[in-house]
Amino acid sequence: MVTLNGQLPKVVHNNIRAHLGKLPNSVLERSAFIYSAKDNTREALQALGYYQAEIISQVIDNNTIAEKTSAKPWLLNLNITLNAATLIDKVIISLDGEASQDPAFQALLNNHGIKPGENLHHGKYEKLKADLLSLALQRGYFNGALTESKIVIKNQYHYADITLRYTSGPRYRFGDVTFNDFDLEPELLSNLIPFQKNQYYSTSAFHQLQHQLEATQYFGSIIAVPADKIEDNINHQYTLPINVALTPAKSHQFDLGIGYATDTDFRLSAAWRTPLINKYGHFQETKFEYSEINPTGKFIYSIPLNHLSRDLLQFQMNIENVDYAEQKTKFYSTQIGRLVSNNKWQRQIYTRYHKEVWQYELDEQVPNIDWSELDAASYLIPGITWSKTKRSGPPLDPSEGFRQTYNIEGAHLKAGSDNSFFRIHARWNYITTLKTNHRLVTRAEFGAIYVDRDAELAPSLRFYAGGDQSIRGFAYQSIGATIPSSSDPEQGEPIVVGGTRLLVASIEYQYYLNDKWRIALFSDGGSAANKGEFKPVYSFGTGLHYISPVGAVKFDFAYGIDGDDSNWRIHINLGAEL
């Protein structure tokens, strides 16, 4: 056992413990440990500038300890008097070569944190050396070196001078990027290079090249390595070519999944992806998802235009059945659109043909004659969608994040549609970590549809509220404008047919019990209704979440309040929040 005596700051105490290392387990190890303990303690103190410290070590043998307790076989006492720390007198840091004009190096030297008058700290000195060398490699100074690095202790350990001299040499530029033979148009590969030839080298641009290649999902493996440096001392041209070796991904990729949410019950999914159909970079994805309430099918065929992953022409087909509590609807849509990604924004301009057939569960005895049991409509809908997602931390459980999505679309009676409408929809999700173990999750949703009051809009184009991702405490899509199911006002329950206005907001506080479990407190509110009929509902509740490898498994218990009515509801959901 080791005890440290003396008035020691926490940082000093911890550094001594770190230098002493693990306690010995045998008699031989103990002898070596005690023999070197004083020297190791002195090194720990000098690293923090305490060159004048006094150390007295005392070993208490087994017999002495045995008189007091039988639990401690040995004891090493280190009595430490720190005395005055060595102060920094002069700091001389100089740059030679092209790095002397580089703003990144100037920023480093202006913020390194080593100042005259402060205690000498060897850790800060070593960090500055490492930062200089690391920054040089990041910015292409491959011939750079520290020509002088020293600490001079003077005036009987009272003061120290620090000297660092770095000679960078020339800054290298990117040379040619060479790809191995691959069944893809060379121009498409060239468009993935995020830098120009003769642009100054940077590791961020080099890593971006790898990231863009990975984002295409065309390749099974990607190995990008610098080639031999090219040095032209006469013309002062220094370049670094890049060699990229690519292997194809599997011709066909299949995924199977299972999930559960109280909104849709159990669901099974199957996906088939062909990552590279031809040398022009075409790819397709087909996905089927089955649940008793909401079976769906989707097919997307993508054609790269100016960029393999950032500029795509997409053909899309969707089939979906939705079985609400009081209505059933089936729709089919085909869509053509251009998807462009720029500065983390995704923009899609599209036109889709949408055909829908739906049926209301009207009263069998005296049905509501103003509403048909079976109806249908078709639309030709141009639209545009913008979205952007920023996150930090684990992808499935981010510590910070913000997702925003906006959609504008419409149709006109004189342009191939059964009626005219204009629809806008926006959704925001925001996550922040207030401090360790304390997380705040908020979301909001807004929507509006402008349509003739006499026109009956297809159910899937209307707005609904309620459910796991909307207002908890209420059933999935159970909130919206209603119609009577019966012509007799004394009979039948109203049928939810959606609304033309939507406003929903949620705030949730989460506290992490450990790395796997957290508890939550939340409140949701809002409604979906027609213009002039908006009556918000509210809910509050608590939850227990398990952080699984595929996202958070959430068990939420919500108390919904709708006027004079209220009820409890359990929500179970699995997935990431952004």
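Heavy-atom basis, side chains included; hydrogens, waters and symmetry copies ignored. Note that the structure is a prediction, hence the values are computed from the model and not measured.
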Using only heavy-atom distances, determine whether the side chains of [X] and [Y] contain a donor-acceptor pair under 3.5 Å.
X	Y	value
T329	E356	yes
E289	T296	no
D397	Y512	yes
S333	Q335	no
Y476	D468	no

With a sphere of 6.0 Å drawn around [atom1] of [X], does it hold more than 12 non-hydrogen atoms of other residues, nucleotides or ligands?
X	atom1	answer
Q284	CD	yes
F422	CZ	yes
E126	CD	yes
L413	CG	yes
K229	NZ	yes

With a 3.5 Å distance limit and no angle check, can you tell me whether [X] reaches the backbone of [Y] through a side-chain donor-acceptor pair?
X	Y	value
R439	P398	yes
T334	R352	no
Q212	I193	no
R443	S470	yes
N180	L246	yes

Locate the shortest heavy-atom distance separating [X] from [Y]; write the atom from each residue and the value.
X	Y	answer
Q477	V496	O-CG1, 4.0 Å
Y379	L461	CE1-CD1, 3.8 Å
P241	I230	CG-CD1, 3.8 Å
S548	L574	OG-CD1, 4.1 Å
S168	A99	OG-N, 3.1 Å
F105	L95	CB-CD1, 3.8 Å

Within this structure, what is the [atom1]-[atom2] distance for the pair [X] and [Y], rounded to the nearest 0.5 Å?
X	Y	atom1	atom2	result
E292	D323	CD	CG	7.5 Å
N198	R173	CG	CZ	6.5 Å
L192	L213	CG	CG	5.5 Å

Item to check | Salt-bridge criterion met for R472 and E508 (N-O under 4.0 Å) | outcome: yes
Checklist entry - Can you say whether the rings of F219 and F182 are parallel (under 30°), tilted (30 to 60°) or perpendicular (over 60°)? => result perpendicular
Next on the checklist: Walk me through whether H425 and F446 qualify under ring pair (Phe, Tyr, Trp, His ring centres under 6.0 Å).
Outcome noted: CA-CA 6 Å; H425 186 206; F446 167 80; 8.7 Å; no
Item to check | side-chain contact (heavy atoms from CB on, under 4.5 Å) evaluation trace for Y350 with T385 | outcome: CA-CA 9 Å; Y350 62 85; T385 297; 3.8 Å; yes
Next on the checklist: For a side-chain contact (heavy atoms from CB on, under 4.5 Å) check, start with the C-alpha distance between N233 and Y238, then their side-chain angles and the critical distance, and finish with the verdict.
Outcome noted: CA-CA 8 Å; N233 295 318; Y238 303 87; 2.7 Å; yes
Next on the checklist: Are the side chains of N143 and E231 in contact, using a 4.5 Å heavy-atom criterion?
Outcome noted: yes
Next on the checklist: Taking the cut-offs as 6.0 angstrom to the six-membered ring centre and 45 degrees off its axis, would you call R391 and Y430 a cation-pi pair?
Outcome noted: no
Checklist entry - Stepwise, does the side-chain contact (heavy atoms from CB on, under 4.5 Å) test hold for F315 with I303? => result CA-CA 9 Å; F315 299 90; I303 301 174; 3.8 Å; yes
Next on the checklist: I'd like to know whether R347 forms a side-chain contact (heavy atoms from CB on, under 4.5 Å) with I384, so could you lay out the CA-CA distance, the side-chain angles of the two residues, the decisive distance to 0.1 Å, and finally the verdict.
Outcome noted: CA-CA 7 Å; R347 182 187 76 245; I384 183 170; 4.0 Å; yes
